Amino acid sequence: MILYYQKIKQYINDYLSGVLNISNFEYEVQLKQFAQQYNLSMDNIKNLEHNFSLTKIDFIPHINKVRRIIKVYKKHDIIPFFLKCKLLKNIDLFPLIFELKIDGMMIVINYNNGVLESAITRGNLYSGENMLDIVKHIIPNNISIIDRLELRCEIFMSTITYNKYFANKFNSARHAMLSIVSNKKSSIEDYLKLNILVHDIDQNIKNIFLKQQTDIMCFLNKINLSYVPYVIVNNENDLNNFNIDLIDDKSILHDGYVVKINNLRLQNLLYESYSNEYRYSVAIKEIISFDSVVKNVIFQIGKENKIIPIIEIDLIKYGNLKCNNLSMYSMNFFLNERINIGSKIVVFFNGIFVYGYNNTNHEQYNGDLICPLCFHSFVIREKHGICENALCKNTIISIIKAFSKNIGINRMGTNTIEALCKMNIINEPEDILNTSVILEKYNQQLEQKNIKNFKKNIIYFCNTINLYIKKIKIYDCLFLMGVSRISYEKIKLICTNYKSNIMSFNFDNIKILNKLQINNLNLFFNNDKNKKRFLDLVNNFCN
Ligand SMILES: [Zn+2]
């Protein structure tokens, strides 16, 4: 036990002396893990902490909750992004302010009656670590303004300082900055190697004194504070020609740029209409892009059984990343991007994020839409690709999911259904009703039994089906056939009011169906196999 105490003592010592380079929050989490691992109470550990002369800096609350800046990835998304706010329709958004997105650490600085009061890291948006002891050496401690002023700033190290003092010790200027602010042994000389630039002030002050974002730069200048480097973009033409080099201060490490609406009245409309993010400013991530050509389009089954288009391109390598195919997320996205075989596209790399879009105006995709499971063609319904082949596994999964939802099996069932279909335990939708066969087949497949809770889920699922089986109606049987474009409610209606028509496969006179639905029913039941499936089901399960 003494050994454990010594370990924790060392751990706390490392943390307080800055050897351990983690945030307060991470420290608390680690400490709890320690306590669990060595079976100590948190009180024991807190007592140890108090034995040290140094005291830990606590999280302190922000006056206003810190909001996030929304990221977009393409320059041409900026205007549509702002116009999503209905209030801004028909309003000229220009000029826009393009600012450097400094790769440092965000910090919120508060002055009260002109006196520097607090400097808090972003933390968890509601509270952060107090950085006052560091920040007071870098920016003015007194300014000539009454009442309160909240500044959102970036603390960073210039690449000039980095190259001069830290290039042999740290990988980047950002690492060097983080080391200085987190090391409790850092000196005032170290702090003076850091810079702070302001990138926004709180909305109240703006509305009282200022009309435009550019006024903020003048205002800050008067009180001896500096704004991040920026340029003004006046119209759509300037926007198209914008290049980060136009604002790039070569001594500042950046990872993109931030675009803000200059007009503070418009900013305020956007600020007040949403609560969690700064809607008047958009961060554009700097990304590495490659030109490429679409070689082929294939389709895969994604979550929720929707068909996901994948485009194949020549292999691109960037750092550790390799890429020769890109997910297009959904049929809707894919069709909107107008990607076709042979399309010239731009592929973006951004960390682990890979993204491709069409940079010229091609026709919408006109190749085959082939279901990856059954190789039948599929249709696009409500912007999703859906296979309508009644015997396609994809279709079967969809039908069973819809059916189980209708009879009240909760979401726990969907994974079970998919697994049962993939294990070939269920091959047709109506197999779901033969629960004894499901359990028997499952017990034969030994290798699947290690899936956590799977057996429990199957038994639960089968029990729920069994409860329903005594109440099964003709409309349930018809629904399980999966005739496309007819809802459960409509099927209920026709089976109640046109029972004889249904049982004799005579659909033409069912007035509540439209032509397409009648046509689909006729097509489906022209196949004698399907007739037999349906009649067997009715005879087996309905009285
Ligand atoms: Zn299919």
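Quick caveat: nothing in here was measured; it's all calculated off a predicted structure. Read the numbers this way: they start at 1 and go in the same order the structure lists the ligands and their atoms. Residue numbers count from 1 along this sequence.
The side chain to side chain contact (heavy atoms under 4.5 Å, CB included) test applied to Asn263 returns Ile261, Arg265, Leu266, not counting sequence neighbours.
Listed for the Thr121 side chain is a donor-acceptor partner under 3.5 Å among the backbone atoms of Glu129.
Taking the ring centre of Phe242 as origin, the terminal cationic atom of Lys75 falls outside the region bounded by 6.0 Å and 45° from the ring axis.
At a cut-off of 2.8 Å, measuring from the Zn ion (ligand 1), the protein N, O or S atoms that fall short of it are Cys371 SG, Cys374 SG, Cys387 SG, Cys392 SG, waters left aside.
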Would you be so kind as to tabulate the donor-acceptor pairs closer than 3.5 Å made by side chains of residues 468-475, with sequence neighbours excluded?
residue: Tyr468; atom: OH; partner: Asp476; partner atom: OD1; Å: 3.3
residue: Tyr468; atom: OH; partner: Asp476; partner atom: OD2; Å: 3.0
residue: Lys473; atom: NZ; partner: Lys471; partner atom: O; Å: 3.3

Please tabulate, for the side chains in residues 491-502, all donor-acceptor contacts under 3.5 angstrom to protein atoms that are two or more places apart in sequence or on a different chain.
residue: Thr496; atom: OG1; partner: Lys492; partner atom: O; Å: 2.5
residue: Asn497; atom: ND2; partner: Leu493; partner atom: O; Å: 3.4
residue: Asn501; atom: ND2; partner: Asn506; partner atom: O; Å: 3.3

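Taking each heavy atom of Glu154 and Ile102 in turn, the nearest pair found is OE2-O, 3.2 Å.
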